[in-house]
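Accompanying notes for the structure given below.
Values below: all heavy atoms of this structure, side chains included; hydrogens, waters and symmetry mates excluded.
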Amino acid sequence: MQAHKVRDLTLIKVGCKKTMIIACDSCGGAGNKEYDILKVPPFFTGKFTARVAVMEVLCSGAEIIAITNCVCNEMNDTGLEIIKGIKDELLEAGINNTVLTGSTEENFKTLSTGLGVTVIGIVKNKNLKLNRSKEGSAIISIGLPKVGGEIKLGHDDEIINYKILKKLLNLQCVYEIVPVGSKGVLHEANTLAKANNLNFKLSSQVNLDIYKSAGPSTVIIAAVKADFLNNLYLLGNVNLIGSLL
């Protein structure tokens with residue numbers, strides 16, 4: 001069985017026609033415990049931590065089959081609320097038939113909230129959207145970079161949502177999609193270019209902070225066929241970042 005890494009993903013070949021995709025994310029200090037830095041209900045700790053790994057796997061073209069949650073706190077009531085948040089994010093992503101399992105900390109009293117999430121998916125090799133970008137592709141971003149308290153906890157229509165992501169995944173003109181994390185849009189664009197043995201050229205006018213953290217993947221970038229740019233602008237919150245040379 002062969003395994004290798006692409007960006008933050010681990011890829012494992014399953015036979016000759018499928019690949020297993022594994023992604024993970026962690027969060028510490030965000031919750032409602034005494035020493036938490038960002039005071040939020042643990043429901044949102046679970047929701048947004050799961051979102052990062054879920055977005056990573058979905059963007060690869062894979063179908064999610066299993067999720068683990070390593071809660072560094074007691075089950076009652078922090079763990080229960082975190083798990084509710086994870087389930088809510090899965091529901092929002094339209095993921096119903098998946099295994100959710102995990103562990104909690106019952107031996108010691110904890111004073112801050114901690115969580116690790118691992119997401120596992122399976123994809124047919126012909127549908128894999130990794131390292132498929134082409135020379136001349138336009139690089140766009142969708143969503144606004146937000147982190148911590150900048151994100152609206154109810155519904156934030158300024159960040160990328162699953163409905164738009166699924167539309168992109170079904171478009172032939174979209175070669176590759178990458179969620180943006182704490183290192184910002186420019187970092188992910190350069191990483192995408194390097195993975196495809198290409199160079200990234202930044203657009204002369206970008207109406208977006210390309211250095212700012214996008215926290216729990218509030219932004220995605222995509223390599224798309226340049227001829228289809230005008231159609232993609234209709235999705236909203238779309239910015240042309242640059243191109244691949």
Please say yes or no: joined through hydrophobic side-chain contacts below 4.5 Å, possibly via intermediate residues, are [X] and [Y] part of one cluster?
X	Y	result
Phe43	Phe48	yes
Phe228	Leu169	no
Leu168	Val224	yes

Any non-hydrogen side-chain atom of [X] less than 4.5 Å from a side-chain atom of [Y]?
X	Y	result
Asn69	Ile82	no
Asn231	Leu171	no
Met55	Ile160	yes

Problem set entry | Distance in Å, Glu34 CD paired with Ser112 OG, rounded so as to fall on 0.5 Å steps | 10.0 Å

Tell me if a side-chain donor or acceptor on [X] pairs with a main-chain N or O of [Y] at a distance below 3.5 Å.
X	Y	value
Lys47	Ile83	no
Asn196	Lys134	no
Asn127	Gly61	no
Thr78	Glu74	no
Asn161	Ile164	yes
Thr98	Ile65	yes
Glu176	Leu130	no

Exercise. Can you name the closest pair of heavy atoms from Val117 and Ala50 and give their distance?
Worked result: CG1-CA, 4.2 Å

Problem set entry | Shortest non-hydrogen contact from Glu56 toward Ala23 | CB-CB, 3.7 Å

Seminar exercise, completed: Residues joined to Ile139 in its hydrophobic cluster, side chain to side chain under 4.5 Å directly or through other members, sorted by chain and number, are Leu144, Val178, Val180, Val185, Leu186, Leu192, Leu198, Phe200, Leu202, Val206, Leu208, Ile210, Tyr211, Val219, Ile221, Ile241, Leu244

Problem set entry | Any residue meeting side chain to side chain contact (heavy atoms under 4.5 Å, CB included) with Tyr233, in chain and number order, not counting sequence neighbours | Leu229, Asn230, Val238, Leu240

For this session: Please check if atom CG in Asn107 has more than 12 non-hydrogen atoms from other residues, nucleotides or ligands closer than 6.0 Å.
Result: yes

